[in-house]
Amino acid sequence: MEAVWFVLFAVLLGGYFALEGFDLGVGLLLPFLGESKADKDRMVASIAPFVLANEVWLVATAGALLGVYPMLEGEMLFGLYPVVVGMLVGWILRDAGLWFRRRIDAPGWQRFWTSMITLGSLGLAFGWGVALYGVATGFAAWPVALMSGLVTTGLFAFHGWTFLGWRLPGFLGLGADRSGRALVVSGLLAAAPALVVLGAAAPYLVGHSAPAETLNVLSVMALPFAPIVLIAQVWVWRTFAKGAVRTPSFF
């Protein structure tokens, strides 16, 4: 059962990086792509149907961490407290920007909340890289941790760029790949840092998971809902992936 939960945890964390990665990547690219308000509206609208569904993966990952690896969770929060707080602030700013930027039709208001989307996306993307390095090495060298943050930020930005080329063919000259193959590749690249760290930490995680009795209870409680989450994710993609991009009322 320890191995089953490790694989499930890897799927959840890797899935979050691959899916939420393009949301964050589009947020990172807002200052650089699109000079007009209409261009930026289209960029935000392109990710709007996917944001909440993608964040479910993070909630599920956090739940698995709390239940399956309670000792690691305590060590992580203690050692990564400033990073975790910064990521939570980034998450709040990013989501607040998505919800508030179109509430008032004023250029200054919208520029401010657009900048919050970018700032929050940067905090999350960079923070994940630093956190992964901290988990893997215990912050053996802070400059390397900063480089790790830059790597994840770059991978997420590339994933966002690829997503825009797939979701908005011809938008601002971006290359179009409606087959989605390039998007799959960029998603795997975005997930690679998390999967590499988990692969290196596999012996430790499997050996320090919760007791078998706890895992059995978690399996009964959580595993039956896994197909529901997957079906919901498939429904979101089948419903919105090929449709026209319209600016929704809530983003």
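Positions are given from 1, in the same order as the sequence printed here. Bear in mind that the values here come from a model prediction, so they are computed numbers and not experimental data.
- Here the closest heavy-atom approach between residue Phe156 and residue Ala190 is recorded as CE1-O, 3.8 Å.
- For Ile104 against Trp109, the heavy-atom pair with the smallest separation is O-CD1, 3.4 Å.
- Hydrophobic cluster membership of Val184, counting Ile, Leu, Val, Met, Phe, Trp and Tyr whose side-chain heavy atoms lie under 4.5 Å apart directly or via other members: Leu188.
- Inter-residue side-chain proximity for Met116 and Leu98 is flagged as unmet; no heavy-atom pair is nearer than 4.5 Å.
- Annotation: side chain of Phe17 is not in contact with side chain of Thr61 (no heavy-atom distance under 4.5 Å).
- In this structure, Thr162 contributes its side chain and Leu183 its backbone to no donor-acceptor pair below 3.5 Å.
- A donor-acceptor pair under 3.5 Å links the side-chain atoms of His159 to the main chain of Ala18, judged by distance alone.
- Hydrophobic clustering of Ile, Leu, Val, Met, Phe, Trp and Tyr side chains at less than 4.5 Å, counting indirect connections, unites Val7 with Leu230.
- Ring planes of Phe22 and Phe163: parallel class, angle under 30° (limits at 30 and 60°).
- Contact check for Val59 versus Glu55: no side-chain heavy atoms found under the 4.5 Å cut-off.
- The CG atom of Leu119 sits 10.0 Å away from atom CG of Leu124, with the distance rounded to the nearest 0.5 Å.
- Counting heavy atoms from C-beta outward, Leu19 and Phe50 have side chains that stay 4.5 Å or more apart.
- Taken together through direct or relayed side-chain contacts under 4.5 Å among Ile, Leu, Val, Met, Phe, Trp and Tyr, Val83 and Leu146 form part of one hydrophobic cluster.
- One finds the OH atom of Tyr16 at 9.0 Å from the CG atom of Asn54 (value rounded to the nearest 0.5 Å).
- Under a hydrophobic clustering in which Ile, Leu, Val, Met, Phe, Trp and Tyr are joined whenever their side-chain heavy atoms come within less than 4.5 Å, directly or via other members, Leu24 and Leu88 fall into the same cluster.
- Between the CG atom of Leu93 and the OG1 atom of Thr118 there is a distance of 11.0 Å, given to the nearest 0.5 Å.
- Taking hydrophobic clusters as Ile, Leu, Val, Met, Phe, Trp and Tyr residues chained together by side-chain heavy-atom distances below 4.5 Å, Ile92 does not share a cluster with Val44.
- With values rounded to the nearest 0.5 angstrom, Leu155 atom CG is found 11.0 Å from Leu150 atom CG.
- Here the side chains of Arg102 and Asp41 are in contact, with some heavy-atom distance below 4.5 Å.
- Annotation for Ser46 and Leu164: closest pair OG-CD2, 3.5 Å, computed over non-hydrogen atoms.
- Put simply, the side chain of Leu52 does not reach to within 4.5 Å of the side chain of Val236, judged on heavy atoms.
- The two atoms that bring Gly27 and Ser121 nearest to each other are CA-OG, 3.6 Å, heavy atoms only.
- Leu189 and Val151 fall within a single hydrophobic cluster, where Ile, Leu, Val, Met, Phe, Trp and Tyr are joined by side-chain heavy atoms under 4.5 Å apart, directly or via other members.
- Aromatic ring pairs are classed by plane angle as parallel below 30°, tilted from 30° to 60° and perpendicular above 60°; the pair Trp113 and Phe100 is tilted.
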**Request:** Could you give me the CA-CA distance, side-chain angles and deciding distance for Leu28 and Phe126, then say whether side-chain contact (heavy atoms from CB on, under 4.5 Å) is met?
**Result:** CA-CA 11 Å; Leu28 291 167; Phe126 188 83; over 6 Å; no

**Message:** Before you tell me yes or no, could you show the steps for Asp39 and Leu33 under side-chain contact (heavy atoms from CB on, under 4.5 Å), namely the whole-Å CA-CA distance, both residues' side-chain angles and the distance that decides it to 0.1 Å?
**Reply:** CA-CA 8 Å; Asp39 289 339; Leu33 296 180; over 6 Å; no

**Request:** Could you walk me through whether Glu20 and Leu58 pass side-chain contact (heavy atoms from CB on, under 4.5 Å), step by step?
**Result:** CA-CA 9 Å; Glu20 186 72 355; Leu58 178 59; over 6 Å; no

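- Note that CZ of Arg94 and CE of Met87 are 11.5 Å apart. Values are rounded to the nearest 0.5 Å.
- Closest approach of Leu195 to Gly14, counting heavy atoms only: CD2-CA, 4.1 Å.
- Side-chain atoms of Thr114 and Arg101 include a donor-acceptor pair closer than 3.5 Å.
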**Request:** Show your working on side-chain contact (heavy atoms from CB on, under 4.5 Å) between Phe158 and Trp161 and close with a plain yes or no.
**Result:** CA-CA 5 Å; Phe158 175 71; Trp161 181 82; 4.1 Å; yes

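- Asp23 CG to Asp95 CG: the interatomic distance, rounded to the nearest 0.5 Å, is 9.5 Å.
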